[in-house]
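By convention in this document, chain letters (A, B, ...) are assigned in the order of the sequence lines, proteins followed by strands, and residues within each chain are numbered from 1. Being a predicted model, the structure only gives us computed values, none of them experimental.
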Protein chains: 2
Amino acid sequence: MKHDVILHDVAKAANVSIATVSNVVNGKGRVSKTTMKRVQQAIEQLGYAPNLLARHLKTNQSRLIGLVVQTTKPGRIQDNPFYWDLLAGAEEIARDHGFHMILVSMGMPEETLDFVKQRQLDGLLVVGITDHRGEDALFRTLDIPCVYIDSYLNDPRLCQVCVDDQYGGYAATKHLLALGHRRIALLIGDIPMDQLHRYAVLQQRWFGYRKALDEAGLPYDPGLMIRLPTSVQGGYHAAAWLASHNDVSAIFSMSDIAALGLMKGIKDMGWRVPEQVSLVGFDNLFMSGYTLPALTTVSQNIVQKGRVAVKLLMELMDNKCSTSRKVVLPVELLVRDTTTKAHLTDRQ
Amino acid sequence: MKHDVILHDVAKAANVSIATVSNVVNGKGRVSKTTMKRVQQAIEQLGYAPNLLARHLKTNQSRLIGLVVQTTKPGRIQDNPFYWDLLAGAEEIARDHGFHMILVSMGMPEETLDFVKQRQLDGLLVVGITDHRGEDALFRTLDIPCVYIDSYLNDPRLCQVCVDDQYGGYAATKHLLALGHRRIALLIGDIPMDQLHRYAVLQQRWFGYRKALDEAGLPYDPGLMIRLPTSVQGGYHAAAWLASHNDVSAIFSMSDIAALGLMKGIKDMGWRVPEQVSLVGFDNLFMSGYTLPALTTVSQNIVQKGRVAVKLLMELMDNKCSTSRKVVLPVELLVRDTTTKAHLTDRQ
DNA sequence: CTGTTAGCGCATTCAA
DNA sequence: TTGAATGCGCTAACAG
């Protein structure tokens with residue numbers, strides 16, 4: 001094609017100045033009905049659309065929100081389907097406010113900072129960081145509105161969105177305890193226990209687990225922590241662990257993904273869920289209700305998490321974030337078919 | 001914080017003109033070693049980062065690539081976890097070329113056009129459109145580089161990336177035929193058969209199915225098309241259909257998602273996979289190998305699809321897209337445990 | 001090798 | 001109510 005249509009072209013066509021056209025476009029200033037009509041017509045005919053680069057350069061904003069996700073290898077986005085739900089929820093609200101979402105894959109920290117400065121991002125949704133590596137300080141230096149998701153930062157001035165992970169862990173464990181289980185293993189992820197504080201979400205669920213144990217007067221046994229990756233494969237391999245721990249009658253997996261792999265692993269060993277091992281997951285993935293048996297799990301709404309995060313960000317931008325700076329979304333235990341009364345003798 | 005650091009500030013600090021700083025930043029023009037050092041030092045100290053809005057306004061580009069996805073409700077992103085893989089692959093390559101990904105949820109067509117024009121997007125990744133609603137023409141009017149993913153547009157000048165859907169459908173069906181199955185149902189999605197051409201990906205797989213049937217000298221039976229949504233729920237309900245079609249010994253589901261639901265539905269009816277019904281899926285989801293029995297499926301690499309699409313887009317931008325304008329990524333039949341020899345008598 | 005200058009398209013004073 | 005003029009921060013052409 002040719003040259004873009006600009007303010008100037010419209011002005012000429014409507015026989016007015018560019019200032020007037022600008023006023024019409026932005027609904028500002030006083031413009032008479034007749035000229036407004038004429039201008040709108042010209043805009044229509046020429047197919048004019050304002051150049052946001054120019055507008056934003058002038059107004060010193062970008063109406064762009066960055067979704068900052070951690071990367072394993074520098075510059076590479078972590079493989080996690082949940083992010084799409086988060087992004088979808090965020091985009092929905094952002095769009096309603098005239099903002100758009102841009103992806104910021106966080107590799108080297110400085111790169112991320114540069115990105116935000118260069119692109120003049122108006123706000124950030126930061127997923128899953130901790131304040132133990134100074135990452136939060138990093139974003140603080142940026143001095144733009146940030147909403148931290150699943151991050152559990154201690155600074156009360158920070159805006160945060162998460163789910164009630166601790167309650168989730170508590171509810172799942174309590175459910176198993178109520179069914180008579182006493183030796184409940186925790187599929188916690190591939191991390192050393194002394195590094196648990198760096199994975200706040202997992203730590204919170206772990207807290208909930210311990211709390212339920214405490215209330216039941218049961219001791220905490222570090223030997224029941226299964227430290228394998230939070231993945232289908234990791235879960236699958238947890239079955240081998242289970243084979244050498246015959247006193248364990250239930251496993252609480254911190255993710256449905258791992259729970260699915262684990263269920264497969266258990267069945268491949270010839271054991272039955274839930275008759276011989278009870279299983280609880282976390283997340284309520286789209287197919288968790290459709291496994292056989294259907295997975296008992298702690299359900300969370302990730303799309304909603306994205307929505308709420310952007311809403312909070314909008315408030316933060318308007319400086320009217322006097323209300324709740326930390327939003328904890330509810331989780332819900334969905335009891336399905338992978339949990340049943342303890343029958344310890346079955347596998348012994 | 002305060003005011004952003006701009007070219008001017010650096011220039012003053014280094015005692016040079018802004019043009020020289022610009023040259024250093026962009027590695028253009030001739031700058032002496034000593035001044036370059038001085039400028040770089042100033043940049044470092046002040047923490048200068050170029051304002052891309054200004055740069056792009058000047059250079060008339062944005063280094064932004066839009067990922068255009070369909071929405072069901074206007075303005076809302078369709079719920080599909082695959083998109084994250086696509087986005088991740090695309091971002092990986094885009095970032096390597098100094099581009100970033102922005103989300104364009106396509107509701108009303110005009111909105112989308114405005115978005116692209118206003119944000120001055122340099123290129124577009126358009127997912128799953130057809131040329132039967134004139135959507136392709138829409139993007140053509142934009143006159144910016146586009147790569148169409150999973151779209152099967154007829155215009156040979158268009159850049160497209162897809163997988164070999166037809167071969168996938170063919171291979172899956174042929175596999176079932178080789179096992180002795182003769183009545184093979186197709187779980188095709190919630191669309192009228194006379195609208196199939198509007199869903200080119202499904203149509204291609206359907207072509208493959210028919211081709212395999214033809215080669216085996218078997219007639220095509222429209223009565224074997226199961227028209228239920230491509231979702232876990234849809235698949236689950238397909239089990240009821242199966243119950244009333246006892247001559248059907250195998251089902252080819254056009255998506256793993258639906259296949260998972262179907263597997264559950266079949267088992268809930270008390271039937272066994274694969275002894276009584278063989279099942280093939282499509283996609284190879286992350287947990288498809290971990291169902292029980294493990295799902296036989298046609299595997300595709302969606303991350304790779306995203307990568308290739310951006311690579312193609314980059315070539316298109318450089319005008320050196322003389323080579324292949326259409327890339328067909330391979331698919332692979334993964335024979336796992338949901339398919340076995342036909343035993344028609346089992347359920348009759 | 002380095003500095004001066006003129007816009008990119010727009011929003012926004014300030015005059016008329 | 002409308003228009004002329006200024007500058008957002010940067011690049012690129014041209015001068016020195």
Side-chain angles (χ1 to χ4, degrees), chain A residues 2-40 42-43 46-64 98 114-122, chain B residues 2-40 42-43 46-64 98 114-122:
Chain A
K2 59 315 61 194
H3 185 53
D4 268 357
V5 180
I6 65 176
L7 225 41
H8 180 76
D9 302 327
V10 180
K12 217 165 41 178
N15 253 316
V16 292
S17 77
I18 61 167
T20 301
V21 180
S22 176
N23 279 336
V24 171
V25 170
N26 297 301
K28 291 188 180 173
R30 294 265 69 86
V31 183
S32 75
K33 277 269 195 297
T34 48
T35 45
M36 169 144 13
K37 266 274 172 342
R38 224 170 52 245
V39 170
Q40 280 170 338
I43 288 176
L46 298 172
Y48 168 77
N51 181 333
L52 294 189
L53 285 175
R55 171 182 295 177
H56 293 153
L57 174 61
K58 183 71 185 165
T59 59
N60 201 34
Q61 52 165 0
S62 65
R63 298 196 87 76
L64 234 35
D114 279 356
F115 184 120
V116 174
K117 285 206 294 194
Q118 294 181 358
R119 289 268 184 205
Q120 308 285 112
L121 301 194
D122 287 343
Chain B
K2 63 299 83 180
H3 186 53
D4 267 358
V5 180
I6 64 176
L7 224 41
H8 181 76
D9 302 325
V10 180
K12 217 165 42 178
N15 252 315
V16 292
S17 75
I18 61 166
T20 302
V21 181
S22 176
N23 279 336
V24 172
V25 170
N26 297 301
K28 290 187 179 173
R30 294 267 68 85
V31 184
S32 75
K33 277 268 193 300
T34 48
T35 45
M36 169 145 10
K37 267 273 170 347
R38 222 168 55 243
V39 171
Q40 280 170 338
I43 288 176
L46 298 172
Y48 168 77
N51 181 334
L52 294 190
L53 285 175
R55 172 182 292 175
H56 292 153
L57 173 61
K58 180 70 185 171
T59 58
N60 199 35
Q61 53 167 356
S62 65
R63 298 197 87 78
L64 235 35
D114 279 355
F115 184 122
V116 174
K117 285 207 294 194
Q118 294 180 358
R119 290 267 183 205
Q120 309 285 113
L121 301 193
D122 287 342

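For A/Pro50, whose side chain is taken as the heavy atoms from C-beta onward, the closest listed nucleotide among C/dC10, C/dG3, D/dG3 is C/dC10. When distances are taken from the side chain of B/Asn51 to each of C/dT12, C/dG3, D/dG9, the shortest belongs to D/dG9. The side chain of A/Leu7 sits closest to C/dC10 out of C/dC10, C/dT12, D/dG9.
Residues B/His56 and B/Ser62 share a closest heavy-atom pair of CE1-O, 3.2 Å. In terms of heavy-atom proximity, B/Val24 sits nearest to B/Gln40 at CG1-CG, 4.0 Å. Residues A/His8 and A/Ile18 come closest through the heavy atom pair CA-CG2, 3.7 Å. The two residues A/Ile6 and A/Tyr48 make their nearest non-hydrogen contact at C-CE1, 3.6 Å. Nearest heavy-atom pair, B/Ala11 versus B/Ser17, reported as atom, atom and distance to 0.1 Å: CB-C, 3.8 Å.
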Query - Audit row: A/Leu57, A/Leu53, side chain to side chain contact (heavy atoms under 4.5 Å, CB included) steps and yes/no - result: CA-CA 6 Å; A/Leu57 174 61; A/Leu53 285 175; over 6 Å; no
Query raised in the report: Do A/Gln120 and B/Asn51 pass the side chain to side chain contact (heavy atoms under 4.5 Å, CB included) test, and can you show the C-alpha distance, the side-chain angles, and the key distance before you say yes or no?
Result: CA-CA 7 Å; A/Gln120 308 285 112; B/Asn51 181 334; 3.6 Å; yes
Requested in this report: Verify side chain to side chain contact (heavy atoms under 4.5 Å, CB included) between A/Val16 and A/Arg38, making sure each step is shown before the conclusion.
Outcome: CA-CA 9 Å; A/Val16 292; A/Arg38 224 170 52 245; 3.4 Å; yes
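The interatomic distance linking B/Asn15 (CG) with C/dT2 (P) rounds to 12 Å, in whole Å. The separation between A/His8 atom NE2 and D/dA5 atom C1' is 15 Å, rounded to whole Å. For the pair B/Tyr48 OH and D/dG9 C1', the interatomic distance rounds to 8 Å; values are reported in whole Å. Separating the CD1 atom of B/Ile18 from the C1' atom of D/dA13 is a distance of 14 Å, rounded to the nearest angstrom. Taking atom NZ of A/Lys37 as the reference point, atom C1' of D/dT1 lies 17 Å away to the nearest angstrom. The distance between atom CZ of B/Arg30 and atom C1' of D/dA13, rounded to the nearest whole Å, is 17 Å. We find that CG of B/Asp9 is positioned 13 Å from C1' of D/dC10, with the value rounded to whole Å. Here C/dG3 presents its P atom at 15 Å from NZ of B/Lys12, a figure rounded to the nearest Å.
For A/Ser22 and C/dT12, the shortest distance from a side-chain N or O to OP1 or OP2 is not below 4.0 Å. Phosphate contact (OP1/OP2 of D/dT2, side-chain N/O of A/Ser17, threshold under 4.0 Å): absent. In this structure, A/Asn23 does not reach the D/dT2 phosphate: none of its side-chain N or O atoms is under 4.0 Å from OP1 or OP2. OP1 and OP2 of D/dT1 both lie 4.0 Å or more from every side-chain N or O belonging to A/Ser32.
Only B/Leu57, B/Lys58, listed by number, bring a heavy atom of residues 53-63 of chain B to less than 4.0 angstrom from any atom of DNA chain C.
Between the CG atom of A/Leu7 and the OG1 atom of A/Thr20 there is a distance of 9.5 Å, given to the nearest 0.5 Å.
Counting any heavy atom pair closer than 4.0 Å across all strands shown, A/Val25 reaches no nucleic acid atom.
Side-chain contact between B/Val5 and A/Lys117: absent, with no pair of heavy atoms (C-beta onward) separated by less than 4.5 Å.
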Expected rows: protein N/O vs nucleotides 14-16 of chain D N/O, under 3.5 Å:
none

